[in-house]
Amino acid sequence: MTKTELEAIYRDYIACLNEQDWEVLRRFVHDDVRHNDRPLGVEGYRAMLEKDYEQIPDLHFNVEILIADPPRLACRLRFDVTPEADFLGLPVHGRRVSFCEHVFYEFQDGRIRKVWSVIDKAAIEVQL
C-alpha cells in the first residue's frame, strides 16, 4: 500500500466515524483490532465508539496532522465538543472544551489492526 492510498483509507475511516456509519466500520477496522494494547475486536471497537458518541453527542473528528509511513499512520485529531457528563474523570457537564488526541495506527491487509491513543487531558483541565 502506498502512502497516498493509506492516507485516503484513513480519511474515509474518519468520514465513517463522523457519519456514525457503523455498518461500514468493518471495512476499515480489522477483526482482531487492539486499542492501547487491549484486544477489542471490531465489535468491541464499535462499542467503544458508540459509547463516545453517547457521552459526546456533538463528537466530530477533525484531522489536523496526518503522516503516513505504511503500514503505519500517525494523526493529530482536534476536537471541539460538549461532553454531557464527566469526561476522562473531569466534571465537564455540558461545557464546551477543545483538545487534541494523538493517535498511531498500524494497518494490516488495508485495515486498522493496532491503535495507540493519547488524549491531551491537561488541555481540558486548563479550560475547566
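Both backbone and side-chain heavy atoms feed into the values below; hydrogens, waters and symmetry mates do not.
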Are [X] and [Y] close enough that some pair of their side-chain heavy atoms sits under 4.5 Å apart?
| X | Y | result |
| --- | --- | --- |
| His60 | Val81 | no |
| Arg26 | Glu43 | yes |
| Leu17 | Leu25 | yes |

For [X] versus [Y], what's the shortest heavy-atom pair and its separation?
| X | Y | value |
| --- | --- | --- |
| Asp86 | Pro91 | OD1-CA, 3.4 Å |
| Tyr105 | Trp116 | C-CZ3, 4.4 Å |
| Leu6 | Pro70 | CD2-CA, 3.9 Å |
| His35 | Ser117 | NE2-CB, 3.8 Å |
| Asp80 | Asp58 | O-OD2, 4.4 Å |
| Ile112 | Val33 | O-CG2, 3.7 Å |

Does a sphere of radius 6.0 Å around [atom1] in [X] hold more than 12 heavy atoms from other residues, nucleotides or ligands, not counting ones at 6.0 Å or beyond?
| X | atom1 | answer |
| --- | --- | --- |
| Arg95 | CZ | yes |
| Arg96 | CZ | yes |
| Tyr53 | OH | yes |
| Asn36 | CG | yes |

Please report the interatomic distance [atom1]([X]) to [atom2]([Y]), rounded to the nearest 0.5 Å.
| X | Y | atom1 | atom2 | value |
| --- | --- | --- | --- | --- |
| Asp31 | Arg111 | CG | CZ | 4.5 Å |
| Ile14 | Asn62 | CD1 | CG | 9.0 Å |
| Ile67 | Arg72 | CD1 | CZ | 14.5 Å |
| Leu66 | Arg76 | CG | CZ | 13.5 Å |
| Glu84 | His93 | CD | NE2 | 11.5 Å |
| Asn18 | Leu59 | CG | CG | 7.5 Å |

Residues forming a ring-ring contact (aromatic ring centres under 6.0 Å, His included) with Phe79, sequence neighbours excluded: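 By the ring-ring contact (aromatic ring centres under 6.0 Å, His included) rule, Phe79 matches Phe61, Phe99.
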With sequence neighbours excluded, residues passing side chain to side chain donor-acceptor pair (under 3.5 Å) with Glu54: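 So Glu54 forms no side chain to side chain donor-acceptor pair (under 3.5 Å) with any residue.
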Identify, with sequence neighbours excluded, every residue that meets salt bridge (Lys or Arg N to Asp or Glu O under 4.0 Å) alongside Asp12.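 Per chain and number, Asp12 pairs via salt bridge (Lys or Arg N to Asp or Glu O under 4.0 Å) with Arg27.
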Tyr10 reachable from Trp22 in the ILVMFWY side-chain graph, under 4.5 Å edges: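 Yes.
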Can you hop from Phe87 to Met48 via hydrophobic side chains spaced under 4.5 Å?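 They do share one cluster, since a chain of ILVMFWY contacts under 4.5 Å joins Phe87 to Met48.
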Are any side-chain N or O atoms of Asp120 and backbone N or O atoms of Cys100, one a donor and one an acceptor, separated by less than 3.5 Å?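 The answer is no, because no donor-acceptor pair under 3.5 Å joins these two groups.
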I'd like to know if the side chain of Gln127 and the backbone of Ser98 have a donor-acceptor N/O pair within less than 3.5 Å.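 Present.
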Test side-chain contact (heavy atoms from CB on, under 4.5 Å) applied to Leu77 and Val63, step by step: CA-CA 5 Å; Leu77 297 165; Val63 175; 4.0 Å; yes
Evaluate side-chain contact (heavy atoms from CB on, under 4.5 Å) for Ile9 paired with Met1, printing each intermediate quantity in order. CA-CA 10 Å; Ile9 289 170; Met1 178 179 329; 3.7 Å; yes
